[in-house]
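Heads up: numbering here begins at 1 and tracks the sequence.
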Amino acid sequence: MRDAMVAAGGTGLQRLADYLQDPEKVARFQRLCGVQQSSPGCSTAYPAEEEAAGGDGARRRTKLHPNGLENGAAPAGEEEKKRPRRRNSLTGEVGQQFVIRNPLLYYLFSFGTELGNELFYISFFPCWIWNVDAAVGRRLIVIWVWVMYLGQCAKDLIRWPRPPCPPVLKLEVFYNTEYGMPSTHAMSGTAIPLSLLLLTWGRWQYPFIYGLLLAVGWCSLVCLSRVYMGMHSILDVLVGVLYAILILIVFHPALDVIDNFNLTYKYAPFIIISLHLALGIFSFTLDTWSTSRGDTAQILGSGAGIACGSHVSHLLGLLKEPSLDMLPFTIPPFTVHLLGKAMLRVLIGLVILLLIRAVMKMITIPLACKVFGIPCDDIRKARQRMEVELPYRYLTYGMVGFAVMFVVPYVFYWVGLL
């Protein structure tokens, strides 16, 4: 009897999983939001094509036409029939064509999906650290690194494919070579706002309901955007949310201990660099090349750089932590002087970060090729080798993270903006 109940429960869970993983559910949501297919065929663009078009972080987006948004296609109607369909420049296959009937939802969900991309991370985290609360920012990045690392590793271990096309329409193709389970966008979209709520509530004075509504809205927007873009099934997104919450439960109680270790322990930089490098090497052995490998090294490098920069800034007295006796802190009034100073910090800081990122890319890729004897004629192929991609991503974004916590604050101190 017990075995029969267990079997029935297992069958019920399997049916639920199959239901949530059904690609037709994703296609139905897309149609509900105004995404319509205008001709048969599926997009098969790969990261190689993305890099040729725009380098790291490039994203192919649909183009604006009089009758809506289409992916490399003419507006729907008679004119469309007269035009030849665009072909993938690498494979020669006919590209997927679709029409966006609701541009407002398209831009809303495009914004939601960008909340889990590099442009958001390299803007949001530094701005928070420089202008709001560096202590919260450091702890937030610890959570972000572990959430993204464990999520990327889970993808390469589980190896479940993304929703197939057809019936799903792929509005974003940059990450199409990665596995889909779990959704790391959903994980970051859950972990970042929830961590901000947990780390700031009681430390800053604001209505809790506003923080909760922001966290729920942020998480919902990111999760729905991944289904809308056709990149994840409902199951991928739900598992991503639950996985992120589990990681938060494990790591949140230890954040103060980790941050204190990073700031004060004498040999912290050596341990931090060694740990993050070892984790990067492990993740690179999980599966064949995909964009997730470079993203993982990028995340680990950023985390190591932030932690090491925090350690150096603490030693030199650049980290001015407010007294805990003043808790909870009050949000200052938004004056012209305050906003102007914050915008100046952001402008100067981001220019420095982008310059460091560009210089490090120019140095590390040819250097890694030379050290490991890899031909550097085809940069794209060279960057897919572990011997090149791991040090290139790790060192480049490690320096960017170090600059966020030490180089840029030192410049602020020097020019009187700290």
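Atom CG of residue L350 and atom CG of residue L347 lie 7.5 Å apart, to the nearest 0.5 angstrom. Rounding to the nearest 0.5 Å places OG of S183 at 11.0 Å from CG of L235. The CD1 atom of I348 lies 12.0 Å from the CG atom of L353; values are rounded to the nearest 0.5 Å. Atom CE of M181 sits about 9.5 Å away from atom NE2 of H232, to the nearest 0.5 Å. Between the CG atom in L214 and the OH atom in Y206 there is a gap of 9.0 Å [rounded to 0.5 Å]. Note that the CG atom of L344 and the CG atom of L339 stand 12.5 Å from one another [nearest 0.5 Å].
Scanning all heavy atoms of the two residues, the minimum distance from G309 to M405 falls at C-CB, 3.6 Å. Looking at every heavy atom in both residues, P126 comes nearest to I122 through CG-O, 3.2 Å. Annotation for V145 and G303: closest pair CG2-CA, 3.7 Å, computed over non-hydrogen atoms. G116 and S188 make their closest contact through CA-OG, 4.1 Å (heavy atoms, listed as atom of the first residue, atom of the second, distance). Taking every heavy atom of both residues into account, T184 and G151 meet most closely at CG2-C, 3.7 Å. The heavy-atom pair separating P163 from K170 by the smallest distance is O-NZ, 2.7 Å.
Counting heavy atoms from C-beta on, the side chains of H252 and L199 come closer than 4.5 Å. For the pair L194/C219, no side-chain contact is recorded, criterion being any heavy-atom separation below 4.5 Å from C-beta on. Counting heavy atoms from C-beta on, the side chains of P182 and M187 come closer than 4.5 Å. Counting only heavy atoms from C-beta outward, the side chains of L224 and F29 approach each other to under 4.5 Å. In this structure, the side chains of D259 and V142 stay at 4.5 Å or more apart for every pair of heavy atoms. Side-chain atoms of M148 and L300, non-hydrogen and from C-beta on, never get closer than 4.5 Å to each other. Residues N117 and E114 are in side-chain contact: their nearest non-hydrogen atoms beyond the backbone lie under 4.5 Å apart. Counting only heavy atoms from C-beta outward, the side chains of S302 and F125 never approach each other to under 4.5 Å.
Side-chain N/O atoms of Q298 and Y121 include no donor and acceptor closer than 3.5 Å. Side chains of R138 and N262: a donor-acceptor N/O pair is absent below 3.5 angstrom, by distance only.
H311 contributes a side-chain N or O that, together with a main-chain N or O of L263, makes up a donor-acceptor pair within less than 3.5 Å. Formation of a donor-acceptor pair under 3.5 Å by the Y149 side chain with backbone atoms of L279 is found in this model. When atom types are taken as modelled, the side chain of S225 and the backbone of V222 share a donor-acceptor pair closer than 3.5 angstrom. Looking only at distances, no side-chain donor or acceptor of R226 sits under 3.5 Å from a matching main-chain atom of M231. With hydrogens and angles ignored, the 3.5 Å screen pairs a side-chain donor or acceptor of R159 with a backbone N or O of D156.
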Checklist entry - side chain to side chain contact (heavy atoms under 4.5 Å, CB included) between W144 and I141: does it pass, once the steps are laid out? => result CA-CA 5 Å; W144 172 71; I141 287 172; 4.3 Å; yes

Item to check | Full working for side chain to side chain contact (heavy atoms under 4.5 Å, CB included) between I143 and L248 | outcome: CA-CA 7 Å; I143 286 290; L248 271 177; 3.7 Å; yes

Checklist entry - Between L171 and Q30, does a side chain to side chain contact (heavy atoms under 4.5 Å, CB included) hold up when you go through it step by step? => result CA-CA 10 Å; L171 277 68; Q30 290 182 312; 3.7 Å; yes

Item to check | Verdict with reasoning, F109 to L221, per side chain to side chain contact (heavy atoms under 4.5 Å, CB included) | outcome: CA-CA 7 Å; F109 287 128; L221 179 60; 4.1 Å; yes

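Residues that satisfy the ring-ring contact (aromatic ring centres under 6.0 Å, His included) test with Y394, not counting sequence neighbours, are absent from this structure. The ring-ring contact (aromatic ring centres under 6.0 Å, His included) search around F261 returns Y265, not counting sequence neighbours.
Aromatic ring orientation, F124 versus W218: perpendicular (interplanar angle above 60°, classes split at 30° and 60°).
Salt-bridge check for D133 with R203: passed, with a basic side-chain N closer than 4.0 Å to an acidic carboxylate O.
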Let me check something: any side-chain donor-acceptor pairs from residues 410-418 under 3.5 Å, sequence neighbours excluded? List them with distances.
none

